[in-house]
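Atoms within each ligand, like the ligands themselves, are counted from 1 in listed order.
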Amino acid sequence: MRSTGSPDYDAVIVGAGFSGIYLLHKLRDAGFKVLLVDAAAQPGGIWYWNCYPGARVDSQVPLYEFSIPEVWKSWAWSERFPGWKELRAYFRHVCDTLGLWPLMRMGSRVESARFDEEGRRWRLQLEGGEGISTHFLLPALGFASKPYIPDMPGIAAFEGDWCHTARWPQQGIDLSGRRIAVIGTGASGVQIAQEAAKCAEKLTLFQRTPILGLPMRQERLTEDIQQRDKQGYPAIFVRRKRTNGGFECQSLDISALDVDATTRNNHFETLWRQGGLKFWYNNFADILTNREANRYAYEFWRKKVLARIIDPVMAEKLAPAEPPHPFGTKRPSLEQGYYEIFEQDNVALVDLKANAIIRIEPQAIKMEDGEVECDLIIFATGFDAGRGGLIDMNITGREGLPLWQAWEDGLRAYLGMAVSGFPNMLFAYGPLSPSGFANGPTSAEIQGDWICDFMVWLRRRDIDLFEGKPAAETGWTEMVAAAGAMTLFPEAASWYMGANIPGKKRQLINFPSVSSYAALCDEEAAGSYAGFAFE
Ligand code: N01
């Protein structure tokens with residue numbers, strides 16, 4: 001490394017979620033001088049910030065954990081779909097087992113990161129004023145680190161409490177006896193609503209688009225059961241890298257149109273009974289690419305849900321005859337009694353498409369028709385997915401180019417990891433990688449292994465600087481768009497398409513298959529990283 005002495009670190013990782021922790025483990029073991037920083041007080045990433053009642057993962061044990069033997073062999077879960085407290089404990093277990101704590105600086109926010117051309121290093125400014133320098137910058141912020149709160153006139157004068165689900169106070173909020181408004185019915189809205197319905201004096205959900213919820217089928221797990229099942233874990237961990245979603249299996253290779261109605265319904269029924277996201281990722285081959293196949297899935301889903309709702313007006317709002325979007329093109333949330341809460345006297349639904357919010361009053365939400373009194377407003381309104389956290393980190397590349405400006409006309413990135421003009425920076429779980437489409441740990445391990453191998457390759461050749469080539473980046477960005485165009489995803493106004501944020505360019509922000517992604521990354525390595533320029 002040239003110029004004014006060595007930087008403080010070979011690599012600084014930002015973010016202590018799955019991607020950041022895995023990178024730390026790999027790079028430390030590969031002999032790099034590495035530091036991880038995170039604004040949160042504890043590791044866990046999303047599971048630190050989203051500590052609202054009911055927050056839990058939608059991938060069943062053992063999919064949502066590392067494949068590192070010393071970690072999984074010494075850990076047991078209490079539920080098939082663990083909640084945020086247990087996930088946080090798991091992260092502590094990982095850091096204990098792998099001995100990572102000395103390399104982690106928690107409670108330390110990166111205010112800015114600037115590439116110093118002269119010194120060939122990244123200069124990071126931490127909250128509080130401390131500056132550190134690093135050869136490589138590895139942001140691992142997750143896809144959902146920047147909450148989105150829509151403009152709501154009057155919110156500043158609201159006399160009750162309000163917060164976003166992803167900025168839930170660490171000390172918690174007691175929901176009992178409150179008059180609660182939940183805005184948004186994505187996965188976060190569903191989870192908090194199920195809990196609030198149990199104890200709120202009044203819970204009102206403000207729904208713009210109905211969620212197409214799938215039954216979770218939660219189960220308690222014992223250590224004995226897991227001890228027995230652990231024999232099969234290594235095979236599952238291998239298999240999950242060979243699927244599109246990073247789960248243990250994937251879609252069938254037959255079309256929903258190539259089987260008779262009985263066969264089709266039998267398969268739907270089997271997936272439905274198994275619960276979890278299987279109705280999404282283990283369904284017929286063309287559910288997400290063919291309108292007719294997709295409609296069959298929707299009709300099955302609707303019939304199941306209608307059987308659980310007594311009031312026909314409510315039924316049409318929650319499970320309309322016309323699909324709000326093709327099934328599965330917004331992430332289906334796993335529910336636990338969600339449809340039943342609307343039978344309770346203390347629960348109401350406002351259909352925002354028929355009755356929009358005009359403003360927030362000091363003690364109520366005022367709509368076009370009427371108002372809802374409340375003392376707690378919960379924004380479950382999602383995230384500026386993919387780019388939001390990275391832009392907030394104030395990253396500046398060559399010639400003072402800020403990342404937000406590089407992405408002004410849309411997200412672009414090579415391999416979903418590198419942006420030209422930003423040398424020696426690779427982000428994990430970022431835009432145009434599988435991230436939001438993929439099971440987190442699967443994606444974290446594929447990218448973490450690849451990044452570590454790349455850094456070792458650079459070290460062996462004494463290469464000081466790398467940068468994604470603009471042509472490779474354009475090719476990758478166009479390829480992700482072309483892959484998206486072959487699916488029904490562009491038909492939904494979802495965060496997958498960047499459509500949930502006013503002014504954000506509509507484009508598929510995730511690469512649609514983990515296994516193909518891994519193969520392309522392997523190809524890049526086998527081809528001596530031809531998509532990168534080196535100095
Ligand atoms: O956010 P979302 P989320 N006025 O963007 C509505 C993961 N996750 O936090 O659909 C009124 O999905 C918006 O309406 P519409 C998972 O990958 C996982 O729930 O745009 N409403 C929608 O209903 C998930 O997909 C878990 O019409 C407004 C909601 O807010 C991702 O994170 C749990 C509005 C936002 O839904 C994001 O989920 C939680 C406005 N101006 C999250 N703007 C697990 O189970 C938006 N909305 C693991």
| remark: Those residues at least two apart in sequence (or on a different chain) that pass ring-ring contact (aromatic ring centres under 6.0 Å, His included) with F206 are none
| With a 4.0 Å cut-off, would you call E248 and K278 a salt bridge? | yes
| Would you call R308 and E335 a salt bridge, taking side-chain N to carboxylate O under 4.0 Å as the test? | yes
| task | Would you please name every residue forming a ring-ring contact (aromatic ring centres under 6.0 Å, His included) with Y298, sequence neighbours left out? | result | W301
Which protein N or O atoms sit under 3.5 Å from any N or O of ligand 1? Give atom names and distances.
unit_1   : atom_1 : unit_2 : atom_2 : d
ligand 1 : 9 (O)  : S188   : OG     : 2.6
ligand 1 : 10 (O) : T209   : OG1    : 3.4
ligand 1 : 10 (O) : K330   : NZ     : 2.6
ligand 1 : 19 (O) : A187   : N      : 2.9
ligand 1 : 19 (O) : S188   : N      : 2.9
ligand 1 : 19 (O) : S188   : OG     : 3.4
ligand 1 : 20 (O) : R208   : NH2    : 2.9
ligand 1 : 23 (O) : T185   : N      : 2.9
ligand 1 : 23 (O) : G186   : N      : 3.4
ligand 1 : 25 (O) : W495   : NE1    : 2.9
ligand 1 : 27 (O) : R208   : NE     : 2.9
ligand 1 : 27 (O) : T209   : OG1    : 2.5
ligand 1 : 30 (O) : A380   : O      : 3.3
ligand 1 : 43 (N) : R208   : NH2    : 3.4
ligand 1 : 45 (O) : R56    : O      : 3.2
ligand 1 : 45 (O) : Q191   : NE2    : 3.1

| query | Are F18 and Y64 an aromatic pair by the rule of ring centers under 6.0 Å? | reply | yes
| What residues, two or more places apart in sequence or in another chain, satisfy salt bridge (Lys or Arg N to Asp or Glu O under 4.0 Å) together with E299? | R295
